[in-house]
Every structure is written in structure tokens, then in C-alpha cells.
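The chains referred to below are lettered A, B, ... by the order of the sequence lines, with proteins before strands, and numbering in each begins at 1.
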Number of protein chains: 2
Amino acid sequence: MGIESVEAAIRDIKDFPKPGIVFKDITPILQSGELFKIVTDELCSPYEKNVPDYIVAVESRGFIFGSAMAYKLGCGIIPVRKKGKLPYTTYEATYDLEYGTATVEMHVDALKPGDEVILIDDLLATGGTAGAAVRLIEQLDATITSVDFLIELAFLNGRANLAEYPIRSLITVD
Amino acid sequence: MGIESVEAAIRDIKDFPKPGIVFKDITPILQSGELFKIVTDELCSPYEKNVPDYIVAVESRGFIFGSAMAYKLGCGIIPVRKKGKLPYTTYEATYDLEYGTATVEMHVDALKPGDEVILIDDLLATGGTAGAAVRLIEQLDATITSVDFLIELAFLNGRANLAEYPIRSLITVD
């Protein structure tokens, strides 16, 4: 089995979270120990010989892939969380939603200048969340080696929000 | 290094999320690849010879430990999420907070009758969330082998909410 089995396991949920949207449900991937291992190993494969200092993972599905990666690679994991969830002093970054804005945060002591990090989330849609996470990492002067996703919704052109960095997605939906 | 190093890394944050509460900040543990590995290996140690069918993990810090465990053990991971986050048909369970209630959900096809699962979250406080997650697992007639936590705040007596099941916590705060 390979990444095509992972892709086949994604379940399309129509009209979630609202009418007109087809949601990519990844829980069938997580439910299979075999598929979850394929995804984690594939996400880690470029980094096994040059392990980053940290995996930076976006709440909350990004945690699921990011922590398995960090465990396999033997590096730390830094959480990017929704506003109000991290207990220590934070930097925050705000991004636009269709209606309104959202804010994510990272602890101010999460990274040191020059740290090499991989940013991970499950899904690249418009790139708003990942773009905000990138700004938090930049604020701490860490180096982003790659921005990785399990799934990229290419028709939303989220790459435009992340143009300065290498982007890797295991599965592309056109 | 062992679990005492993990315990030493926990950072107490006073008055978070509100006055009078001392929050146990686990991000310094996550930040250290070595400590994160110690925690994951210790959480997995009872199950390596008798691997469960699934790790059931509670959003969202539970995802961080649960997915590393699932990767190491080679089993699937089932998310328990806050209401409105899971896209497919769900069961839900509501529990009391100090003021009001909260609801968690699990997909109706997440588990089959007789599946053996470990429930994991980072912290056992009053046991409200874990108790609700237990009810979801019971609703699907799966078997809970153990309910595991990184940290247990023993003075809140959360075990009373989980009395039917074996409970394991790596670190106990009296």
C-alpha cells in the first residue's frame, strides 16, 4: 500500500461545515494504523537524514500528524494554537476568514533564532492559517525548511499565501 | 533521563486560564524531542505486547500524545472532538463545567463492538471530559482497556468520574 491507498480512504462529506463545501474527512486514514503509518513515514521521508530542530504543528488536526512526525524524527514539537489556549506569553497573528478574522498564537520562547523547522498542517485550503503560522515563526527568526500538508486543495491557490517557502503536499485535489 | 525529568519540565503558570488556577504547561516537554520520546514510550510500555485496536484521543492536547502512541504501536487513532468539528454523523456526550456545560463528539462508525481501546488525554482534572469520552466509547460497545493521562491533579478526584476503568497517570500532582 502507498499514498494512493491513503487518498482512496479520504471521505468526502458534502455541505460541511456549510452548504456548498465538500469537506475532506481524514478520520478513515487515522482509523487505519497502516494508513497512518504510511502518511507519517511519507511526511518524514525528506527529513530523516537532516532532522529539523522542531516540527511546528497547527491546532488541531496538524497536531495529529506533527506529533507522530516529531516522535519518529526524534525532534520537539511546537504547537500553534487558537487564541487564548496557550498559557505562557505569546505572539499572535491574525488572518482573514470569509467573514471576519481568526487569530493564532505561539509561545514567545518556542523557538530560537536560526532554529530549523518544518511547519505541518493537515490541509492547505486558502493558506490563511498556515500564512499566519509562518509569520509567527518568522517573528522568532527561525528558519522554515518546508511547509507540509497531507492534502492540498489546489483550486483555492493557498500557495500564493506561502510563496517564499518550499511547499509539499502528499495529496493534491484539483 | 526518566519520567522525573519530564515532571521537572512542567511549567506552572499562575492564574491561567483564570485567577486562582495554576495551569500545568506541558509545552516545555513537547519542545524537547528527548522528553517527548520518554513520555510516549512510557505511555506505550504496557501495550507493546498486547496492542489495542485503537487509541482514542481527546482534542486537542490528547491528540499530541495519542497520535505518537498510535504511530509507535501501529494502531489507529480515533479523535474525540468538541461539538461541531467532526464532519460525519456523530454521537455526542455532554458534561458539566463550573459554569454551564460542554459537549464532545465521536463519529458513529469510529469503533465496532468489542474493539479494545486506550483512552488518552494529557490531564486528568475533574474528569468531566474523560467521563464524556468514556460514554461515547461505551455507546459503541467498545472495550476500554485503560484510561491514561500524562498528569493527574489528584486533589480534584477526577477518578471518581471514571471509577469503572483502570486509570494510569504518569505524573501525579497532590
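The cluster map of Ile, Leu, Val, Met, Phe, Trp and Tyr, joined by side-chain heavy atoms under 4.5 Å apart, puts A:Leu162 and A:Leu170 in different clusters. Note on A:Leu136 and A:Ile118: separate hydrophobic clusters, where clusters join Ile, Leu, Val, Met, Phe, Trp and Tyr whose side-chain heavy atoms are under 4.5 Å apart, directly or indirectly. Follow the hydrophobic side-chain contacts under 4.5 Å out from B:Ile55 and you reach A:Val39 in the same cluster. By the rule that hydrophobic residues join a cluster once side-chain heavy atoms approach within less than 4.5 Å of another member, A:Phe23 and A:Ile10 end up as members of separate clusters. Cluster annotation: A:Leu119 is connected to A:Ile167 through the hydrophobic network of ILVMFWY side chains, with a link wherever side-chain heavy atoms come within less than 4.5 Å.
Looking at every heavy atom in both residues, B:Leu111 comes nearest to A:Gln31 through N-NE2, 4.4 Å. The minimum heavy-atom distance linking A:Phe63 with B:Ser60 is given by the pair CD1-O, 3.4 Å.
Using a 4.5 Å cut-off between heavy atoms, B:Ile78 touches chain A through its side chain atoms alone. If you measure heavy-atom distances from B:Leu73 to chain A, you find no contacts under 4.5 Å at all. Within the 4.5 angstrom heavy-atom criterion, atoms from both the backbone and the side chain of A:Asp109 approach chain B. Heavy-atom distances place both the backbone and the side chain of A:Ile64 under 4.5 Å from chain B. If you measure heavy-atom distances from A:Glu59 to chain B, the contacts under 4.5 Å come from the side chain alone. Within the 4.5 angstrom heavy-atom criterion, only side-chain atoms of B:Phe16, from C-beta onward, approach chain A. With a 4.5 angstrom heavy-atom cutoff, A:Leu35 does not touch chain B via any of its atoms. A:Tyr88 touches chain B through backbone and side chain together, each having a heavy atom under 4.5 Å away.
Around NZ of A:Lys85, the count of heavy atoms belonging to other residues, nucleotides or ligands within 6.0 Å does not exceed 12.
By number of non-hydrogen pairs under 4.5 angstrom with chain B, the leading residue of A:Asp41, A:Asp15, A:Ile29, A:Asp53 is A:Asp41. Each of A:Ala110, A:Ser32, A:Pro17, A:Ala70 has some count of heavy-atom pairs under 4.5 Å with chain B, and the biggest count is that of A:Ala110. Of the listed residues (B:Phe65, B:Tyr54, B:Tyr71), the one with the most heavy-atom contacts under 4.5 Å to chain A is B:Tyr71. For the options B:Met69, B:Glu34, B:Arg11, B:Lys37, heavy-atom pairs under 4.5 Å to chain A are most numerous at B:Arg11.
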Check residues 145-153 of chain A and write down every donor-acceptor pair under 3.5 Å in which the side-chain atom is one partner and the other belongs to a residue at least two apart or another chain.
{"from": "A:Ser146", "atom 1": "OG", "to": "A:Tyr47", "atom 2": "OH", "distance (Å)": "3.4"}
{"from": "A:Ser146", "atom 1": "OG", "to": "A:Asp148", "atom 2": "OD1", "distance (Å)": "2.6"}
{"from": "A:Asp148", "atom 1": "OD1", "to": "A:Tyr47", "atom 2": "OH", "distance (Å)": "3.3"}
{"from": "A:Asp148", "atom 1": "OD2", "to": "A:Tyr47", "atom 2": "OH", "distance (Å)": "2.5"}
{"from": "A:Asp148", "atom 1": "OD2", "to": "A:Arg168", "atom 2": "NE", "distance (Å)": "3.3"}
{"from": "A:Asp148", "atom 1": "OD2", "to": "A:Arg168", "atom 2": "NH2", "distance (Å)": "2.9"}
{"from": "A:Glu152", "atom 1": "OE1", "to": "A:Arg159", "atom 2": "NE", "distance (Å)": "3.3"}
{"from": "A:Glu152", "atom 1": "OE1", "to": "A:Arg159", "atom 2": "NH2", "distance (Å)": "3.1"}
{"from": "A:Glu152", "atom 1": "OE1", "to": "A:Ser169", "atom 2": "OG", "distance (Å)": "2.6"}
{"from": "A:Glu152", "atom 1": "OE2", "to": "A:Arg159", "atom 2": "NE", "distance (Å)": "2.7"}

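Under the side chain to side chain contact (heavy atoms under 4.5 Å, CB included) test applied with A:Pro87, the options B:Asp12, B:Ile13, B:Val22 reduce to a single match, B:Ile13.
Under the 4.5 Å side-chain criterion, counting only non-hydrogen atoms from C-beta, A:Arg61 is in contact with B:Arg81.
Between the OG atom in B:Ser67 and the CZ atom in A:Phe36 there is a gap of 4.5 Å [rounded to 0.5 Å].
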